[in-house]
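To keep things clear, I will list the structure first and then write my remarks on it.
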Amino acid sequence: MTVLVRDQLANLLRTALQAAQADQSLPEVNLPPIELARPKVAAHGDYSSNLGMILAKPAKMAPLQIAQRIIAHLPPAEFVGKVEVAAPGYINFTLAEPWLARQVAVILENGSTWANLRHGNDVRVQVEHGSANPTGPLTIGSGRNIVIGDTLANLLSAAGYDVQREYYVNDVGSKVRKFGETVYVRYAQALGVDEPLPQEFYPGDFLVELGQDFAREYGDKYLQVPRAEAVQTLGEVGTQRVVDHVKQTCARMNIHYDRWYSERSLYDSGLFAQIYQMLENKGSLIEKDGAIWFASPDLGEDNDAVVIRSPQVIPNPEDRPTYFASDIAYLWDKLVLRSFDRAIYVWGADHHGDRPRIFAVAKALGLDPQRVTIILYQHVTLMKDGVEQKGSKSAGTAVALHEVIDEVGMDACRFMLLTRTVDSKLLFDLSLAKEQSEKNPVYYVQYAHARIASILRKAGEVLTAVELPAEPDVQQLTHPAELALIRKMLELPVIIEQAVRDLAPHHLTYYAQDLASTFSLFYRDCKVVDAEQPALTLARLQLCRAAKITLARTLELMGMSAPEAM
RNA sequence: GCCCCCGUAGCUCAAUAGGAUAGAGCGACGGACUUCUAAUCCGCAGGUUGUGGGUUCAAAUCCCGCCGGGGGCGCCA
């Protein structure tokens, strides 16, 4: 298990601060939270503390003087090489080189668990992502959703959380019925029946093909039964087909769920009725214009949300509960029946208006809203040859995710969809993603991994005839490029922690490029396999193995493959 | 009108809970393959972080106003 240097440094500083206060070097003031930053400039060391500036006001002392008194009380530590005070009051730490070199051995000992953290403390977290209507193939927008969710789940898991991945299937409601109508018509048309499309139908070739499939499989069987029954059955079977298709696409993205949760089951199980009763008992439901609304002081006036639509407007009882109605029962299922400590939702930004309702309903049900996190990601624009590919799912013109995978492959697809903060819209450049060249960061990262594998293979060939020391000695690693690579590798657990804390999985893509770049510089400056220097060669091979592990772990967290050769 | 997100180099974007000299890639220009993978590396150019105030020892980052772009405000899902 990885213990962060940063946290150890914070402990040292805390001890020093208390010691300084004990002997009156510093006045008794409340201890501030101790933060350590990583300076951008190498001359400022590996870590820096701003304690001097923070304490200046309460201690009524000059920041520089405070910093000096703190470091005078700093206990010795093997990982600390140099400690300096810098204006206006920074304390800068440089890590000890022998300690850095030893971390190569530590990484190798940890192997595939290197960089894992215990921060999560086995807290049970559910990440719900994907969750699109089962009425057509996943779009590129859904692609962003599942990549964010899956990567975040990977990160949470690495950080020590007990993670469950779930896809919520919206298999109920009027859209599903309209989908059934369309499937039926496409099926009938495939059999040569002149059946007109319903008022609201699902366009796109996907449903035409589905109708043809059904015509082939069932013949005219469903033309012989009552229409309503045929629509119902073909709708259900069609929905199942779409879900299967979605599952396939997810699998091609290396995304796997622990559970596919049916929205319909919330009603079939009676859970919705039960929660509805609870809300009614609490007085959270009001009747207005024939509909039932959820009202809450947290939402403010005029922001009531419809739970059950009015019979005057919606004749079919099954269509009356709203999407929000389902969400209420689903939330209860997550937090109470399945007792997840935390529920994370990944939603498209167009749902931002629904967010306050979830929190308000959690509160109304007596649940802590802090247990709920909703990640909103901005939209994806697909570019091809410099032209924006416009399209919408409901119009059947959206570019499907599986088509993008066909074109650029899973690795490039995942990387591209992950590479921006969730808060900014994402421009997916299909032409660039497809290009297998130095322009494409995806291959840059994988290339570094493949190159290490190649070096290790080469070493195996060259070194058979060379007499080698019995044990590798990592203390041979003193070259600046070697130490820079070690420092970069040690950042991975910090990146994991930060990505989890900020729910910002995109950090991984930048770290991956950074790590690959740092390795390339080492490769340029340090010849690894050198029969003339067997001890150094052995040490550098250990470094290469550690770098390979770190790159592979980074790629693994992003759900990408780590090729042995390219 | 109200709500959410964004505005950083020619382009696409980073910037670790406010920290020191704002960084990459692409594109432009100029270099490096008898050398462990050149899908690599090096050099050079490119900035008043949209704008005006405020808070702070310190602001791309926090607060307020304005300008510009995207999205949402349904008894759709």
Side-chain angles (χ1 to χ4, degrees), chain A residues 6 33 35-41 43-44 48 50 52-54 56-57 63 86-90 92 132-133 135 170 172-176 263 288-293 303 306-314 319-320 322-324 326 348-356 376-379 381 383 394 419-427 429 432 435-444 446-448 450-459 461-462 491 494-495 497-499 501-502 504 506-507 509-510 513-514 517 520-521 523-530 537 540 544 565-566:
Chain A
R6 187 203 56 203
E35 294 166 14
L36 283 148
R38 283 175 287 159
K40 289 171 189 150
V41 185
H44 296 149
S48 82
N50 58 2
M53 280 88 83
I54 301 284
K57 195 171 267 182
Y90 290 104
N92 293 333
N133 286 324
T135 53
N170 308 128
V172 71
S174 60
K175 287 228 164 153
V176 173
E263 180 181 2
K288 196 165 62 182
D289 304 329
I292 308 295
W293 306 65
N303 286 316
V306 174
V307 178
I308 306 291
R309 300 185 185 98
S310 153
Q312 284 100 58
V313 182
I314 305 292
D319 288 354
R320 281 183 208 142
T322 60
Y323 186 83
F324 175 57
S326 305
D350 51 338
H351 290 88
H352 92 268
D354 300 327
R355 185 152 59 166
L376 298 171
Y377 63 92
Q378 301 293 316
H379 284 251
T381 307
M383 297 286 284
S394 56
T419 194
R420 301 290 171 244
T421 75
V422 296
D423 281 337
S424 48
K425 52 189 174 163
L426 186 147
L427 202 69
D429 188 332
L432 173 64
E435 196 163 345
Q436 301 203 4
S437 75
E438 75 280 359
K439 291 177 198 169
N440 192 332
V442 179
Y443 299 107
Y444 180 82
Q446 292 185 319
Y447 182 73
R451 185 180 243 175
I452 298 173
S454 168
I455 293 172
L456 296 176
R457 282 193 297 271
K458 184 81 178 182
E461 297 163 18
V462 172
E491 283 180 26
V494 182
I495 296 292
E497 183 202 46
Q498 178 193 332
R501 184 195 66 206
D502 299 339
H506 75 283
H507 287 311
T509 63
Y510 290 92
Q513 293 176 77
D514 219 7
S517 168
S520 291
L521 294 183
Y523 173 83
R524 182 196 65 194
D525 293 342
C526 299
K527 172 92 176 165
V528 177
V529 182
D530 182 356
T537 296
R540 284 183 171 166
C544 284
M566 285 172 76

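Excluded from the calculations below are hydrogen atoms, water molecules and symmetry mates; all remaining heavy atoms, backbone and side chain alike, are included. Bear in mind that the values here come from a model prediction, so they are computed numbers and not experimental data. Order of the sequence lines fixes the chain letters, A, B, ..., with proteins taken first and strands second; residue numbering starts at 1 for each chain.
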What does nucleotides 54-59 of chain B look like as a protein-contact string, B for base, S for sugar-phosphate only, - for none, at under 4.0 angstrom between heavy atoms? ---B--
In whole angstrom, give me the gap between the [atom1] atoms of [N] and [M].
N: G27(B); M: A22(B); atom1: P; answer: 26 Å
N: C6(B); M: C42(B); atom1: C1'; answer: 36 Å
N: G50(B); M: U8(B); atom1: P; answer: 6 Å
N: A39(B); M: A45(B); atom1: C1'; answer: 25 Å
N: G10(B); M: A28(B); atom1: P; answer: 16 Å
N: U49(B); M: G18(B); atom1: C1'; answer: 15 Å

For [X], give me all partners under side chain to side chain contact (heavy atoms under 4.5 Å, CB included), at least two apart in sequence or on another chain.
X: Pro356(A); answer: Leu299(A)
X: Ser326(A); answer: Tyr168(A), Glu263(A), Leu266(A), Tyr267(A)
X: Thr421(A); answer: Asp423(A), Ser424(A), His506(A)
X: Arg524(A); answer: Leu521(A)

Pick the nucleotide of RNA chain B nearest each of Ile314(A) and Asp502(A); which residue has the one closer to the 5' end? Asp502(A)
When the nearest nucleotide of RNA chain B is assigned to Leu456(A) and to Val41(A) on a heavy-atom basis, which residue is associated with the more 5' position? Val41(A)
For RNA chain B, what is the dot-bracket line, given that a base pair needs Watson-Crick (N1 to N3, plus N6-O4 or O6-N4) or G-U wobble (N1-O2 and O6-N3) geometry with both distances under 3.5 Å, and | means paired with another strand? (((((((..((((.....[...))))..((((.......))))......(((((..]....))))))))))))....
Side chain to side chain, Glu461(A) and Val529(A), heavy atoms closer than 4.5 Å: no
Is any side-chain heavy atom of Gln378(A) closer than 4.5 Å to a side-chain heavy atom of Arg420(A)? no
State which residues pass side chain to side chain donor-acceptor pair (under 3.5 Å) with [X]; sequence neighbours excluded, sorted by chain then number.
X: Tyr323(A); value: none
X: Lys527(A); value: none
X: Ser310(A); value: Gln312(A)
X: Ser454(A); value: none

Using nucleotides 8-15 of chain B, report all nitrogen or oxygen pairs with the protein that are shorter than 3.5 Å.
residue: U12(B); atom: O2'; partner: Arg420(A); partner atom: NH2; Å: 2.9
residue: C13(B); atom: O5'; partner: Arg420(A); partner atom: NE; Å: 3.4
residue: C13(B); atom: O2'; partner: Arg420(A); partner atom: NH1; Å: 2.7
residue: C13(B); atom: O2'; partner: Tyr510(A); partner atom: OH; Å: 2.4
residue: A14(B); atom: OP1; partner: Thr421(A); partner atom: N; Å: 3.0
residue: A14(B); atom: OP1; partner: Ser424(A); partner atom: OG; Å: 3.4
residue: A15(B); atom: OP1; partner: His506(A); partner atom: NE2; Å: 3.1

What's [X] touching, base or sugar-phosphate or nothing? Going by heavy atoms closer than 4.0 Å.
X: Asp354(A); result: base
X: Ala448(A); result: nothing
X: Arg524(A); result: sugar-phosphate
X: Val306(A); result: sugar-phosphate
X: Ala565(A); result: base
X: Ser520(A); result: sugar-phosphate
X: Leu521(A); result: sugar-phosphate

Are His379(A) and G71(B) stacked, counting the six-membered base ring, centres under 5.5 Å, planes under 30°? no
Should Tyr444(A) be counted as stacked on A39(B), where stacking needs a ring-centre gap under 5.5 Å and an angle between planes under 30 degrees? no
Distance from Thr419(A) atom OG1 to Leu426(A) atom CG, nearest 0.5 Å? 7.5 Å
Which residues share a ring pair (Phe, Tyr, Trp, His ring centres under 6.0 Å) with Phe324(A), sequence neighbours left out: Phe294(A)
